[in-house]
Every structure is written in C-alpha cells, then in structure tokens.
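A quick write-up on the structure given underneath.
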2 protein chains.
Amino acid sequence: MKKVGEPAPKDRLLRAAAALLAESNGEPVSTRQITEAARVTAPTLYHHFGDKEGLFDAVVAEGFSEYLDAERGLPTSGQPIEDLRMHWDNHVQFGLDHPHLYLVMFGNIRPERRPSMVASAEAFLEEVLARAAAAARLVVSPREAARSMLAANIGVTLMLIAEPAAKRNLELSAMTREAVISAVATDSEGDPTTDTEGTPSVVVAAIALNAALQSSHPDQLSSSELKLFLEWLQRISSRSGS
Amino acid sequence: MKKVGEPAPKDRLLRAAAALLAESNGEPVSTRQITEAARVTAPTLYHHFGDKEGLFDAVVAEGFSEYLDAERGLPTSGQPIEDLRMHWDNHVQFGLDHPHLYLVMFGNIRPERRPSMVASAEAFLEEVLARAAAAARLVVSPREAARSMLAANIGVTLMLIAEPAAKRNLELSAMTREAVISAVATDSEGDPTTDTEGTPSVVVAAIALNAALQSSHPDQLSSSELKLFLEWLQRISSRSGS
DNA sequence: TAGCACCTATAGCACCGTTATATGAACTGC
DNA sequence: GCAGTTCATATAACGGTGCTATAGGTGCTA
C-alpha cells in the first residue's frame with residue numbers, strides 16, 4: 001500500500017538519475033546529486049542498484065525499453081519497404097529527442113559490456129526485414145540487412161546529434177536511408193523509382209531531383225520560386241509530416 | 001640539447017596517457033596512474049595541459065592527426081570510385097586498430113564540444129569526392145555525399161568495434177560501403193538520372209518525380225501548394241537545352 | 001510481544017582531480 | 001661571473017567522489 005503521490009525511493013532514484021543525466025549536458029553526474037534530488041541517502045542507492053554504474057545501466061535499460069516499445073508500437077503499413085522507412089525515421093527521431101541517452105545507448109558501446117538491448121533492436125529490425133523478405137523484396141538475408149541498416153541508422157543519428165540543432169539537415173537521414181534500403185531491397189521490377197505496386201516512389205524521385213538541382217540550377221524558375229520549390233522538395237523527401 | 005633516450009615529460013605524459021587509455025578497457029584512467037607511469041608529479045601535468053581533459057584532448061588530437069595523415073597518405077588510383085572504397089576501408093581499419101581511441105573520437109561526440117577534427121575528416125572526404133565529381137561520377141553534391149558516407153562509415157565501424165573480434169564480419173562493411181557509394185555515385189554509364197556528360201540530369205529527375213506524383217499525392221503539401229509545385233515541375237521538365 | 005526480513009541513515013574510508021606554494025634549472029643582460 | 005627572469009618540476013594539502021561497515025527503524029508473521 002503505497003501513497004500514490006510518493007513513488008518508492010527506488011523509482012525516485014531512477015527518475016532523478018534520468019533527469020539529471022538528461023539535463024547535465026554529458027558532464028558526469030555525482031551520486032550525491034542524485035541521492036539528494038531523490039531525497040535519499042547513499043546506502044539506499046547501493047542497496048537497490050549495487051553500483052553507480054548499476055543505476056545508470058538501469059536508466060539505459062529503461063531508455064531501451066522505451067525505444068523498443070515505440071518501435072513495436074509503429075503500425076504495419078502492408079508495404080514492407082515503406083515500413084523500413086518509418087522505422088528508420090523513428091530511430092532518428094528517438095535519438096534527436098533523447099540525445100544524451102542515445103549517446104550512451106548507441107555511441108558508447110564497450111565491446112565486452114555491450115548492452116544486450118542493442119541486439120534486441122537489431123533483432124526487431126530483422127523481423128521487419130523478414131516481412132520484406134517474405135514479400136520477395138530483399139536481395140540479402142534479413143540478418144545482414146538489419147545489421148547494415150542499423151549501422152547506418154546509428155551513424156546518421158550520431159552525426160545529426162553532434163551538430164547544432166539549428167542547422168540540422170534531415171536530408172542526410174533521408175538520403176542515407178534510401179541508399180541503404182535500395183542496396184538491401186529491390187524496387188520490384190527494375191525501375192529504381194518504382195516500388196512493388198508499380199506506384200512510383202515519390203520520395204526517391206524527389207531526392208533524385210533535389211540532388212540534381214544541387215549541381216545545376218534551372219533557369220526556368222526565378223530564384224525566389226526556386227527557393228520555395230526546394231523547400232517543398234525537402235518536405236516531400238523527408239516525409240517528416242505524415 | 002635533449003638526451004635521446006629520455007623524451008621530455010610532456011611527451012611522456014602524452015604517451016603514458018595514450019597507452020593507459022588504450023589498455024585500460026574503457027574504464028576511467030586516473031591522473032595518478034598517468035603521472036606515475038610518466039614518472040612525473042601532478043603539477044607537471046597541469047602545467048602542460050591545464051586539465052585532465054586537456055591531456056585527453058591532446059591524445060585525441062594526436063589520434064586525429066594520425067588518422068588524417070593515414071588518409072592523406074593513401075595513393076590516388078585515378079579511379080575516383082575505387083579511391084572511395086579505399087578510404088572507407090582505411091577508416092574502418094583505423095577504428096579496429098584503435099578501438100578505444102576511436103570511440104572517443106567518433107562515438108562520444110558532445111554537441112557543443114565536438115572536436116573540430118571531425119569536420120576536417122569530413123572536409124578531406126569531401127575533397128576525395130570532389131575528384132569523383134570532377135570525373136562526373138557523382139549524383140549529389142560532394143558535401144552531402146561526404147556527410148552521408150562518413151555517417152555510414154562511422155556507424156559501421158562502431159558496430160564492428162562493439163562485437164567480439166573473433167566473430168567480426170567485415171562483409172557488413174563492404175555491403176554498406178557499396179550501398180552508400182552506389183547511391184552517391186554512378187557506375188559510369190547507364191544511370192537513368194545521369195546524362196551523357198555524367199552530370200545529373202535535372203530534367204530526367206523532374207520527369208520521374210512528376211510521374212511519381214501522378215499516382216500518389218504527398219500529404220506534406222497542401223493542394224494549392226501542390227498545384228504550383230507541379231506547374232514548376234512541368235516547367236523544369238520541359239527545359240529545352242542546357 | 002518476539003523474531004525476522006527488509007529498507008534506510010550515520011559516519012567515515014580511500015581515492016580522485018586539482019592547486020597554493022616552493023624549489024630547481026636554464027637562459028638573459030651586464 | 002652573476003643577479004634577474006622564466007620555465008619546469010616537486011611537496012603537501014583541499015574539497016569532492018564512489019562506496020561501505022555498522023547500526024537503526026519499519027512492517028510483517030507467529
């Protein structure tokens with residue numbers, strides 16, 4: 001019978017640690033800060049988590065389960081390739097939403113002590129890819145495809161986190177995503193801008209056009225028109241809305 | 001007039017720090033260990049580097065310059081795409097050779113304090129890609145291509161470092177490398193988004209996007225925006241020469 | 001009420017990064 | 001040659017850190 005307004009010390013420790021880690025910009029957080037914020041003394045921490053590292057591991061584990069829940073919560077569109085895009089974007093978004101947590105989860109992996117949850121993330125992505133494979137859309141094994149996609153996804157997210165939020169260019173994500181997907185999956189019959197149902201992929205075509213416009217500006221559009229045009233193009237190719 | 005057998009304390013500190021960081025498997029290394037290994041007392045460290053972090057930054061900076069030297073030392077084969085593969089593989093190899101250093105260099109980047117050397121690495125890769133662009137083998141701008149390639153390269157290397165050396169599968173690297181390269185560059189002839197000169201064809205890409213939009217309307221644009229967008233697209237597609 | 005887990009607090013240890021102060025060494029101008 | 005200056009190193013200590021030996025509640029079962 002707990003009072004509702006007052007979570008147990010263990011929970012308060014977890015929350016305090018998570019909050020302090022998220023605020024304090026990557027600088028180390030002391031156990032004293034945490035225990036004070038949780039209104040608890042030192043031995044309580046060590047009773048519940050054994051270690052400072054144990055507490056942080058618990059925070060990371062919670063982060064992973066939040067991430068995996070979000071991934072599993074995504075709908076299945078019936079178009080496997082489209083699902084891949086969705087999961088990729090969701091991964092990036094999670095990283096941008098929880099940058100410090102993400103750095104510990106995916107950027108800091110020590111060889112031997114690697115969180116097993118990364119393997120879960122990989123396994124889940126593999127499931128999504130297995131659906132693509134079932135639709136005969138994969139040109140490599142789901143396992144290899146999952147590893148490659150996850151690696152690229154992490155690299156892109158780390159790079160986006162590393163640069164100031166203001167000048168973040170999400171097209172890096174869209175572009176790399178399409179690169180990996182098109183290497184791993186086949187766009188049905190031959191046409192690189194068309195997917196299974198024969199419906200042309202707007203995103204792929206938009207990215208191609210955007211790329212082409214980088215090196216050669218059309219003279220049919222005024223510079224102000226071009227500016228707006230490129231903005232829309234960006235919007236289409238990053239599919240952040242939806 | 002230095003004795004040859006005895007490097008200056010500053011150098012000894014640097015070497016000791018680098019060695020201890022490399023050995024001690026990612027666990028924190030104390031200033032006392034370092035100063036003891038360098039046969040030096042604490043104030044010497046602070047005189048030369050100001051800070052523990054300053055010392056570690058110096059180690060990282062040395063790592064970066066070693067990396068960049070290796071990159072710049074690679075020969076130019078005359079085949080830009082082949083060069084890209086070589087630089088990619090060299091990056092991965094550097095990460096596997098100095099895993100802990102690599103983690104600090106590329107896996108640990110804090111947004112504000114990001115080492116400027118990462119930008120140098122990016123800039124160098126951009127130079128290599130500029131050569132590919134000059135050979136009319138690029139379908140996106142060198143800058144975007146460099147960012148995408150570097151991001152994927154880092155992601156793959158981190159993933160390889162994270163798994164036990166025994167079961168490392170380098171094919172993950174090769175596969176992802178080819179994915180990114182083929183999305184960024186064209187294998188000489190035959191690419192539908194590339195015209196004879198090898199420069200990306202805005203017209204072809206615009207036509208493809210136009211076609212794609214016929215059957216699937218993006219929800220990122222309002223209907224009035226879409227109308228104008230399609231009109232401009234038409235104008236670009238019907239371009240005569242150039 | 002007694003016993004028994006469980007959880008929490010007091011007080012302190014050993015270590016850490018860091019520095020105020022002092023000492024030595026090497027070069028300068030005279 | 002020697003005072004003055006500057007650079008490089010050492011002694012000793014301070015406050016903060018992760019952690020724990022020990023002891024004190026607290027609620028449960030008997």
Side-chain angles (χ1 to χ4, degrees), chain A residues 1-62 100-101 104 108 110 112-113 115, chain B residues 1-62 100-101 104 108 110 112-113 115:
Chain A
M1 303 304 168
K2 294 265 126 192
K3 276 193 258 178
V4 260
E6 268 254 305
K10 184 170 178 178
D11 269 0
R12 281 186 311 201
L13 277 169
L14 255 176
R15 284 175 216 283
L20 287 175
L21 276 181
E23 297 164 18
S24 164
N25 256 11
E27 289 117 42
V29 178
S30 74
T31 58
R32 280 169 172 81
Q33 286 177 261
I34 298 174
T35 54
E36 186 179 350
R39 300 192 318 283
V40 148
T41 51
T44 309
L45 190 161
Y46 294 90
H47 173 71
H48 286 293
F49 299 99
D51 227 342
K52 182 189 188 180
E53 201 172 339
L55 172 57
F56 284 9
D57 283 353
V59 172
V60 169
E62 247 199 2
H100 304 102
L101 185 59
V104 183
N108 240 346
R110 279 199 270 153
E112 74 289 355
R113 252 188 98 278
Chain B
M1 300 301 170
K2 293 268 125 191
K3 277 193 259 179
V4 261
E6 267 252 307
K10 184 171 179 179
D11 269 0
R12 282 185 309 198
L13 277 169
L14 255 176
R15 284 176 215 283
L20 286 175
L21 276 182
E23 297 165 18
S24 165
N25 257 9
E27 290 116 41
V29 178
S30 74
T31 57
R32 281 169 170 81
Q33 288 177 258
I34 298 173
T35 54
E36 187 178 350
R39 299 192 319 282
V40 148
T41 51
T44 310
L45 190 162
Y46 294 90
H47 174 70
H48 286 293
F49 298 98
D51 226 340
K52 182 189 188 179
E53 200 172 341
L55 172 57
F56 285 7
D57 283 354
V59 172
V60 169
E62 247 200 2
H100 304 101
L101 185 58
V104 184
N108 240 347
R110 278 197 269 154
E112 73 288 357
R113 250 188 102 278

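Computed from a predicted structure; not experimentally measured. To find a chain, count down the sequence lines: A is the first, B the second, and so on, and within it residues start at 1.
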Give the minimum heavy-atom separation between [X] and [Y], together with the two atoms involved.
X: Phe56(B); Y: Val29(B); result: CZ-O, 4.1 Å
X: Asp51(B); Y: Leu45(B); result: O-CD2, 3.7 Å
X: Ala42(B); Y: Thr35(B); result: CA-CG2, 4.0 Å

In whole angstrom, what separates [X]'s [atom1] from [N]'s [atom2]?
X: His47(A); N: dG18(D); atom1: NE2; atom2: C1'; value: 18 Å
X: Lys52(B); N: dC16(C); atom1: NZ; atom2: P; value: 9 Å
X: Leu45(B); N: dC16(C); atom1: CG; atom2: C1'; value: 13 Å
X: Asp51(B); N: dT19(C); atom1: CG; atom2: P; value: 7 Å
X: Leu55(B); N: dG17(C); atom1: CG; atom2: C1'; value: 12 Å
X: Glu27(B); N: dG18(D); atom1: CD; atom2: C1'; value: 15 Å
X: Glu36(A); N: dT10(C); atom1: CD; atom2: P; value: 13 Å
X: Leu13(A); N: dC19(D); atom1: CG; atom2: P; value: 13 Å

Now, which nucleotide makes the Watson-Crick or G-U wobble pair with dA30(D), with each of the two distances under 3.5 Å?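 Its partner is dT1(C) (Watson-Crick or G-U wobble, both distances under 3.5 Å).
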Checking Val104(B) now: which residues fulfil side-chain contact (heavy atoms from CB on, under 4.5 Å) with it, not counting sequence neighbours? Val60(B)
By side-chain contact (heavy atoms from CB on, under 4.5 Å), which residues pair with Ala22(A), not counting sequence neighbours?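 Partners of Ala22(A) under the side-chain contact (heavy atoms from CB on, under 4.5 Å) test: none.
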Are [X] and [N] close enough that a side-chain N or O sits under 4.0 Å from OP1 or OP2?
X: Tyr46(A); N: dC19(D); answer: yes
X: Thr31(A); N: dC19(D); answer: no
X: His48(B); N: dC7(D); answer: no

Judged by each residue's nearest nucleotide on DNA chain D, which is more toward the 5′ side, Thr41(B) or Ala42(A)?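 Looking at the nearest nucleotide for each, Thr41(B) comes out on the 5' side.
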Is Ser30(A) touching bases, backbone alone, or none of the nucleic acid, heavy atoms closer than 4.0 Å? sugar-phosphate
When you measure only distances, ignoring hydrogens and angles, does the side chain of Arg32(A) come within 3.5 Å of the base of dG16(D) through a donor and an acceptor? no
